[in-house]
Structures are given as C-alpha cells and as structure tokens.
Amino acid sequence: FLVINIIFSAASNCFTYLSYVLEENGVDKSHIGTVAAIKVLGEVIIMLLIPRIKQYLSLSGLQLLAGIFLSMELLLMQFAKTLPSLALVEMVGGLGNGIAFCTAGLYVRTMAPKGLEATAFSLWTMGTSLGGIILALICGQIVDRYGVLANYWFGFGLEITWVALFLLSFLFGKWVLKKKNVMPMLR
C-alpha cells in the first residue's frame, strides 16, 4: 500500500491545472474559486456521511471507493465543457478526496505491524509527497506538450492503475503471502 499509494496523488496534481481546463473550455478563469468550493462541498458532504457508509464498507472498501471516485473525476473531466458540468465533476473528485482524507491514515496504521504504526504513517505521507513532486514534474511536461486534457487522461490511467494494484495486493497477500483476508472490502 505504501508503494502503490505514491501514484494515488494523480488526481490532486490534475486539480492544479484546472484553470487551464476552464480557459480551454471558454469559461472565465475567475470561476476557479467556485469550482474549488464545489469540490470542497463534496468533501464535506462525504465526511459527514462516512459514519453511515462505514456501516457497510470496511476501510479497504472505502479506499477502493475513493479510488473509483477519483478515477471518475479524471475521466469525466474529458467531457465537461461548461461551468456547471466542471463543478459537478469536481464534486465527484471531492467525494473521493473526502473518503481518502477520512480513511487513508487509519488504513495505513491498521495495516502496519504492531509498534510501527507511526513509522508506517510517516512513510505513507512521505511517499505521497514524493509522488506528488514527481507527478508535478511529469504532469507539467504533459500539459506543455499535449495539452491539459492529456494530463487528465494520464491521471485517469494512474488512478485506474492504483485501483488495479490495490485489488491485486489482496490477491498477493492471499496467494503469495498465504494470509487470510485481513482487510475485507465489506463489513
């Protein structure tokens, strides 16, 4: 999880280039605050709903759900051409971010060996920060060469890769490490 989570920051990096998306679609860039506020609204709504959702999904299920929402955000950005549709797409991303904010740190601590919870959390935050720096360099090059929407396609590919690797990590644990499913998806 610590290794594959480096690529999880793809959606956050793509949000950095939202002003370019607005400009490319002919939307006044001064609306970026409105779109960002809608994204935060999605984060707050899902954070308020997390206690209810946790009745049905485990931490693993919530992490997978966050990856799915963030993947949807990056995919749907290709088709959002108006301010309302861009705001709606960002709200979907906000749902994913909200779930990740609420659960990722606890998920890392839960999986860490006894006594190494703080170290695992530090490694996770360091890994996502390092991933963010590397992705910012790559994403900037993609935007310069191919345009801003190509960057969102790249981010979508990374998020789908994250979802696939996340699911494969359970199979790896079960078949290679011979561990029973210690982090089920459902309650």
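For the single chain, residues carry numbers from 1 onward in sequence order.
The hydrophobic clustering, which links ILVMFWY residues whose side-chain heavy atoms are closer than 4.5 Å, places Leu83 and Val89 together. Both Leu75 and Val21 are members of a single hydrophobic cluster when ILVMFWY side chains are connected at heavy-atom separations under 4.5 Å. Hydrophobic cluster membership differs between Leu57 and Leu48, with clusters built from Ile, Leu, Val, Met, Phe, Trp and Tyr side chains linked at under 4.5 angstrom. In terms of hydrophobic clustering, with Ile, Leu, Val, Met, Phe, Trp and Tyr side chains grouped at heavy-atom distances under 4.5 Å, Val40 and Ile50 are assigned to different clusters. Cluster membership for Val27 and Leu76, using ILVMFWY side-chain heavy atoms within less than 4.5 angstrom, is shared.
In this structure Ala87 satisfies the side-chain contact (heavy atoms from CB on, under 4.5 Å) test together with Ile38, sequence neighbours excluded. Taking the side-chain contact (heavy atoms from CB on, under 4.5 Å) definition, one finds that Val163 meets it with Leu64, Ser71, Leu167, sequence neighbours left out.
Side chains of Met91 and Ile45 form a contact here, defined as non-hydrogen atoms less than 4.5 Å apart. Here the side chains of Phe121 and Thr125 are in contact, with some heavy-atom distance below 4.5 Å. Residues Met77 and Glu90 form a side-chain contact, since some pair of their non-hydrogen atoms from C-beta on lies under 4.5 Å apart. A 4.5 Å side-chain heavy-atom check between Ile32 and Lys29 finds every atom pair outside the cut-off. With a 4.5 Å cut-off on side-chain heavy atoms, Thr82 and Asn25 do not count as touching. The closest side-chain heavy-atom distance from Asn97 to Leu70 is below 4.5 Å.
Contact between Ser85 and Lys81 at its shortest, heavy atoms only, is OG-N, 3.2 Å. Here the closest non-hydrogen pair linking Ala104 and Trp124 is CB-CZ2, 3.4 Å. The shortest non-hydrogen separation linking Tyr107 to Ser60 is CE1-OG, 3.3 Å. Heavy-atom minimum distance, Met47 versus Cys102: CG-SG, 3.4 Å. In terms of heavy atoms, Tyr17 sits closest to Ala136 at OH-O, 3.6 Å.
Note that CG of Leu65 is 6.5 Å distant from CD1 of Ile53, once rounded to the nearest 0.5 Å. A distance of 10.5 Å separates CG of Asn13 from CD1 of Ile134, quoted to the nearest 0.5 Å. Interatomic distance, Leu62 CG to Thr103 OG1, rounded to the nearest 0.5 Å: 5.5 Å. Distance check, rounded to the nearest 0.5 Å: CG of Leu137 to CD1 of Ile142 gives 11.0 Å. With rounding to the nearest 0.5 angstrom, the CZ atom of Phe166 is 5.5 Å from the CD atom of Gln63. Note that CD1 of Ile46 is 13.0 Å distant from CZ of Arg52, once rounded to the nearest 0.5 Å.
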Would you be so kind as to tabulate the donor-acceptor pairs closer than 3.5 Å made by side chains of residues 149-159, with sequence neighbours excluded?
{"residue": "Tyr152", "atom": "OH", "partner": "Cys14", "partner atom": "O", "Å": "2.7"}
{"residue": "Trp153", "atom": "NE1", "partner": "Gln78", "partner atom": "OE1", "Å": "2.8"}
{"residue": "Glu159", "atom": "OE2", "partner": "Ala11", "partner atom": "N", "Å": "3.3"}

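Between the side chain of Tyr146 and the backbone N or O of Gln141 there is no donor-acceptor pair closer than 3.5 Å.
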